[in-house]
Each structure stands twice: as C-alpha cells, then as structure tokens.
Amino acid sequence: MLDPKFLRNDIQETANKLATRGFVLDVELMNQLEEQRKTLQVTTETLQSERNSRSKEIGLASKRGEDITSLRLEMGKLGEELDAAKEQFTALAEQLKNISSAIPNLPHESVPLGQGEAGNIEISTWGSRKEFDFEVKDHVDLGEALGGLDFKSAVKISGSRFIVMQGQIAKLHRSLAQYMLNLHTNEHGYTEMYVPLLVNADSLFGTTQLPKFGDDLFNTKPATEEGIGMSLIPSAEVPLTNMSRDMIYDESELPIKITAHTPCFRSEAGSYGRDTRGLIRQHQFDKVELVQIVHPEKSFEALEEITAHAEQVLKNLQLPYRKVVLCTGDMGFSATKTYDLEVWVPAQNSYREISSCSNVGDFQARRLQARFRPTGVKKPELVHTLNGSGLAVGRTLVAVLENYQLADGRIEIPTVLQPYMGGLTHIG
RNA sequence: GGUGGGGUGGCCGAGUGGCCGAAGGCGCUCCCCUGCUAAGGGAGUAACGGGUUUAUAGCCUGUUCGAGGGUUCGAAUCCCUCCUCCACCGCCA
C-alpha cells in the first residue's frame with residue numbers, strides 16, 4: 001500500500017513513477033473519487049458529530065427529569081440521514097481501498113528504467129565456469145541415472161511439477177538447507193524460526209499476495225462457515241514478515257533478522273509450458289528465507305547486506321553466479337528495489353534465478369501496521385521490511401548436480417557439504 | 001469436541017447504558033529535590049483517519065475497548081455469530 005498522501009497530493013508524479021513499471025494509474029478517476037470521498041466523509045462526520053452532541057443533551061435532559069419524547073423523534077430523522085450517508089461513504093471507501101490495494105510500490109530512484117527482463121542490468125559476476133571436456137548432462141538425466149530424482153513417482157502420487165527424491169540426493173538436498181540455515185544463523189546474525197505453512201487471509205494481505213495474486217496460491221477448503229480457508233505459503237516471507245504485524249517495536253530492537261527453512265507452494269498459474277522439465281519450476285519446493293525488519297533510514301543498506309548473505313552461500317558452494325539489479329518493469333509488486341542472483345546452469349548454458357532480494361520499504365509495513373517508536377519521540381513510525389532467498393534449495397540442488405558432475409555421471413560433493421553427508425566426497 | 005472464565009491504552013489492570021477515550025499502577029518524557037547512586041515530589045503521556053493549514057504545529061471533528069452484526073436518541077457496558085487465550089474433562093502424535 002502506498003502512502004495515501006502520494007495519491008492525493010502528488011498524484012501526477014506518482015502516476016509517472018508507476019508508469020516506469022508499466023502500471024497505468026487513472027489519475028482522473030482517482031481525483032474524482034478522492035473529491036467525492038472528501039465531501040462524503042465531511043458530511044457523514046458532521047452528522048455523526050451532531051448525533052453525538054444531541055444524544056448527550058438527551059442524556060442530560062432525562063437526568064433532569066424532563067420529557068424527551070420529542071427530542072427522540074427528531075433524532076430518528078437524523079439517524080436515517082446518517083445511515084444513508086454512511087452507506088454511501090463505506091461503499092466509496094471500499095472502492096478506493098480496492099483500487100489502492102492493487103497499486104504496486106514505487107521504484108527507488110536508483111532502479112534502472114526498463115520494460116522486461118531485458119532491461120535488467122548485470123552488476124557483477126562471480127566464480128569461474130568449469131570447462132567440461134565431455135558433454136554435460138542436465139540435472140534430470142544425472143539425477144535419474146543415479147536413482148535420486150524420481151519424476152515418475154511424483155506424477156503418480158501428485159501430478160506434474162512435483163518431485164520424489166531418494167537416497168543420497170534426498171540427503172544432499174537436506175544438507176543444502178541445513179548448511180544455509182547454519183550459515184545464516186551462525187555467521188550472519190539471523191534467528192532461526194519454525195513457522196506455520198498454512199496462513200490466513202490477513203497475513204496474505206499483509207505481504208501483498210492478496211488481493212491481486214490469489215491465483216498463484218494453493219488454498220485449503222473453507223475452514224469456517226464464512227468460507228475463509230487458509231492458504232499454503234508461497235514463501236516463508238509470509239509468516240516471517242507477518243511476525244511484525246500490529247507491532248510497535250522499540251527502536252533498540254531493530255534490526256530484526258529472522259530466517260526459516262520451509263517448503264513453498266505455488267500454483268504457477270500462467271506459466272504453462274515454461275520450465276516443464278526438471279526441478280526449476282515446481283509446485284512445491286524448499287527455500288531458506290531471510291527477512292529483516294529495519295529502521296527506515298537503514299533499508300537500502302540492509303538490502304546490500306541481505307544480498308551479500310545470499311551471495312555468501314553461492315560463494316561457499318563455489319557456484320558461479322551473477323548479480324542483477326531488476327529494472328522498473330521487471331520488479332515484483334511490492335519492491336522498491338530488487339537484486340536477483342542467478343546461478344550458472346551448465347546444461348542450459350545460462351544463468352538462472354536462484355535468489356531474489358528486495359527492499360520493500362514501508363509498503364508492506366503500512367498494511368501490517370508494523371511500526372517502531374523512535375527513541376525520545378512520541379509518534380510511532382512505519383518500519384521497512386526486506387526479504388531475500390538465501391537460497392532456493394531445489395534450484396541450488398540443480399546447480400550443484402550440474403556444476404559438480406563428472407564424466408562418468410557421478411557428482412562431486414562441495415567441500416562445505418561433506419560434513420553434512422557423513423564425509424562422503426561423491427555421489428554415485 | 002464439552003464445560004466454565006477471560007480478551008480494555010506501550011505494558012498491567014479497574015470499569016454492567018450517558019458525567020468513560022476510559023480509574024489506578026508500571027514504563028516513558030520534562031521539571032524539582034538530592035555530595036554520587038538509590039529513593040522522593042510535581043506535571044505530561046493511546047492509536048488511526050478527515051477538515052483547515054506552508055506545517056508530521058495549532059484548532060475543529062470522526063473512528064477505535066478481540067472481529068463482525070444487532071438493540072438504543074445514546075454501547076467498553078445489553079443481545080447474536082465468529083476468532084482467540086486460560087482452566088478442567090475427553091481425544092490424540
């Protein structure tokens with residue numbers, strides 16, 4: 001949610017900024033609704049004020065033992081007027097809320113202008129791609145040959161875009177998650193969290209999956225009579241960031257740095273035919289998520305930090321990657337600025353996204369009412385929130401399998417993971 | 001799942017129809033006192049929104065006592081539904 005003041009006072013400038021990310025704001029409609037809102041709100045509030053003061057008078061009169069029947073009759077009329085005004089106002093307010101809930105965040109000034117993926121800018125690359133003196137296999141062939149990736153069983157059990165892992169590869173997958181979690185908690189100062197995987201609609205609204213992106217979620221059947229069910233989390237960002245909902249922190253408590261390893265569930269609506277082979281795009285995948293709740297002046301610093309934390313995983317695993325800053329047209333709904341980390345995938349001869357780190361600014365905090373009290377100041381202020389993948393575990397497995405493959409189809413185990421694999425140096 | 005008791009400001013906790021946005025306490029801010037510290041005295045201190053305004057100052061005003069409905073001229077207070085916490089019972093990994 002943008003600051004409503006932007007939409008009232010600087011609407012043209014706001015519209016211009018939104019246009020850079022391909023969002024068209026109907027300035028004329030907004031102005032018109034806003035004007036209606038103002039007059040309606042003033043009239044209803046005036047009526048309410050009148051009702052309040054006259055009710056008070058009635059109270060006093062009856063206390064004095066006076067007859068109040070005529071006063072009551074007058075109030076009946078006023079009540080009707082008030083109800084009508086209220087009805088109009090709430091309808092309009094809801095319309096305005098629906099519109100503003102669908103408006104994305106404003107990009108930071110340092111974000112490059114651009115329309116799609118092509119507008120993203122490479123910031124840096126790290127590591128050297130291995131020269132293979134044999135024909136590389138992709139992770140599907142490697143994993144199936146080793147008996148560790150079982151797509152057929154997954155289809156039988158659930159459907160496409162699921163995976164069954166077995167044996168050493170299942171263990172490698174687990175080791176990756178363990179390693180990431182240990183790194184972030186031991187070296188990077190995050191507190192490990194265990195969180196619910198099913199969340200309510202309020203949480204989804206808070207982190208902006210709702211109202212716009214409900215189609216991307218898996219929803220449970222209605223849990224209550226009203227039909228409001230819970231949804232499987234698309235990312236641990238949802239439970240982690242919602243920890244701060246309705247909170248007023250002391251300034252000294254910031255920054256809050258938390259992490260969790262969870263499965264993530266995405267319906268992948270609208271991506272039919274893309275990445276249908278392999279583990280790149282699944283309905284269920286594991287991810288270690290990093291979340292920071294910070295002082296508003298520190299959030300861009302924190303973005304650099306959180307990205308560096310994700311990068312450290314790739315460095316320690318010796319996986320070549322590049323860092324990209326997303327352009328205005330390619331950023332997610334709630335981000336002010338996003339870095340993607342893309343790992344080298346030999347069989348595709350390209351870099352693929354393995355982490356996305358965003359500074360969300362106060363956009364989620366406004367919906368969450370997540371605030372802090374600056375020391376010595378009375379008024380609470382909105383915090384800034386950040387999230388980043390550190391990393392997507394399934395895609396990291398893909399990268400390890402492909403980058404560490406040997407000519408005979410065996411897989412070398414990255415040094416840092418060997419202790420997690422009981423000292424094993426190779427799979428196969 | 002059953003029975004009973006709760007959900008009130010940053011926190012704790014009073015409050016059963018108007019004088020309650022809400023006693024009291026803690027915390028916090030300012031001032032006084034005091035060799036230092038500790039203790040003590042005084043004043044202030046809810047959030048969010050709207051209007052006016054150069055203003056996140058002031059002034060006017062609305063909403064909010066778990067959520068949503070209802071009764072009433074008027075609801076923290078009465079009624080209904082739901083959520084949630086606690087205790088006991090049942091069940092269960």
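Everything numeric in this text was worked out from a predicted model, so none of it was measured. Protein chains get the first letters and strands the later ones, always in sequence-line order, with residue 1 at the start of each.
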* Want to settle it: does A:Thr44 or A:Gly76 sit nearer the 5' end of RNA chain B, counting the closest nucleotide to each? ->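 Final value for this comparison: A:Thr44.
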* Closest-nucleotide ordering on RNA chain B, the 5'-leading residue of A:Val42 and A:Thr46 ->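 Comparing both residues, the 5'-ward one is A:Val42.
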How many whole angstroms separate atom [atom1] of [X] from atom [atom2] of [N]?
| X | N | atom1 | atom2 | result |
| --- | --- | --- | --- | --- |
| A:Arg54 | B:U72 | CZ | C1' | 16 Å |
| A:Leu73 | B:G74 | CG | P | 13 Å |
| A:Glu81 | B:C73 | CD | P | 17 Å |
| A:Met1 | B:C48 | CE | C1' | 13 Å |
| A:Ile58 | B:C19 | CD1 | C1' | 16 Å |
| A:Asp362 | B:U56 | CG | C1' | 14 Å |
| A:Leu96 | B:G49 | CG | P | 15 Å |
| A:Phe6 | B:U56 | CZ | C1' | 13 Å |

Distance between [atom1] atoms of [N] and [M] (Å, rounded):
| N | M | atom1 | result |
| --- | --- | --- | --- |
| B:U84 | B:G68 | C1' | 15 Å |
| B:G27 | B:C83 | P | 39 Å |
| B:U61 | B:G66 | C1' | 27 Å |
| B:A46 | B:C88 | C1' | 37 Å |
| B:G49 | B:G41 | P | 38 Å |
| B:C48 | B:U54 | P | 24 Å |
| B:C30 | B:A38 | P | 15 Å |
| B:G18 | B:C33 | P | 45 Å |

* Asked: Do A:Glu57 and B:G74 have a side chain to base donor-acceptor pair shorter than 3.5 Å?
  ->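 For A:Glu57, whose side chain was compared with the base of B:G74, there is no donor-acceptor pair (under 3.5 Å).
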Which nucleotide in [options] has an atom nearest any side-chain atom of [X]:
| X | options | result |
| --- | --- | --- |
| A:Lys379 | B:G18, B:U52, B:U56 | B:U56 |
| A:Ser55 | B:G49, B:G74, B:G10 | B:G74 |
| A:Arg51 | B:G49, B:C19, B:U63 | B:U63 |
| A:Arg37 | B:C73, B:C48, B:G51 | B:G51 |
| A:Met75 | B:C19, B:C48, B:C73 | B:C73 |
| A:Lys38 | B:U63, B:C73, B:G51 | B:G51 |
| A:Ser62 | B:A47, B:G18, B:G62 | B:G18 |

* Can any side-chain N or O of A:Asn105 pair as donor or acceptor with the backbone N or O of A:Val360 at less than 3.5 Å? ->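 Looks like yes, one N/O pair under 3.5 Å.
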* Asked: With distance as the sole test, does A:Asp138 use its side chain to make a donor-acceptor pair with the main-chain N or O of A:Asp141 at under 3.5 Å?
  ->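 Here the side-chain-to-backbone pair exists.
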* Cationic N near anionic O, under 4.0 Å, A:Lys5 to A:Asp10 ->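 Salt bridge: no.
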So, is [X] near the phosphate of [N], with a side-chain N or O under 4.0 Å from OP1 or OP2?
| X | N | result |
| --- | --- | --- |
| A:Asn52 | B:U63 | yes |
| A:Gln48 | B:U61 | no |
| A:Arg72 | B:G74 | no |

Using a 4.0 Å heavy-atom cut-off across all strands, classify [X] as base, sugar-phosphate, or nothing.
| X | answer |
| --- | --- |
| A:Leu71 | nothing |
| A:Arg373 | sugar-phosphate |
| A:Arg371 | sugar-phosphate |

For [X], does the [atom1] atom sit with more than 12 other heavy atoms under 6.0 Å from it, leaving out its own atoms?
| X | atom1 | answer |
| --- | --- | --- |
| A:Met421 | CE | yes |
| A:Glu122 | CD | yes |
| A:Glu304 | CD | yes |

* What distance do A:Glu34 atom CD and A:Gln41 atom CD have between them, rounded to the nearest 0.5 Å? ->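 One gets 9.0 Å once the value is rounded to the nearest 0.5 Å.
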* Treat a base pair as Watson-Crick or G-U wobble with both distances under 3.5 Å, then lay out RNA chain B in dot-bracket form, 5' to 3', with | for cross-strand pairs. => ((((((((.[[[..)..(.....]]]((((((.......))))))(((((((.....))))))).[[[[[..)....]]]]])))))))....
* Cationic tip of A:Arg37 above A:Phe89 ring, under 6.0 Å, 45° of axis ->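 Here A:Arg37 fails the 6.0 Å and 45° test against A:Phe89.
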* Asked: Do A:Lys287 and A:Phe265 meet the cation-pi criteria used here (NZ or CZ under 6.0 Å from the six-membered ring centre, within 45° of the axis)?
  ->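 No, A:Lys287 does not sit over the ring of A:Phe265.
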* To do: Would you mind listing every salt bridge (charged side-chain N to carboxylate O under 4.0 Å, His left out) that reaches into residues 53-62 of chain A, with sequence neighbours excluded?
  =>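 For residues 53-62 of chain A, and leaving out neighbouring residues, the salt bridge (charged side-chain N to carboxylate O under 4.0 Å, His left out) pairs sorted by first residue read A:Glu50-A:Arg54, A:Arg54-A:Glu74.
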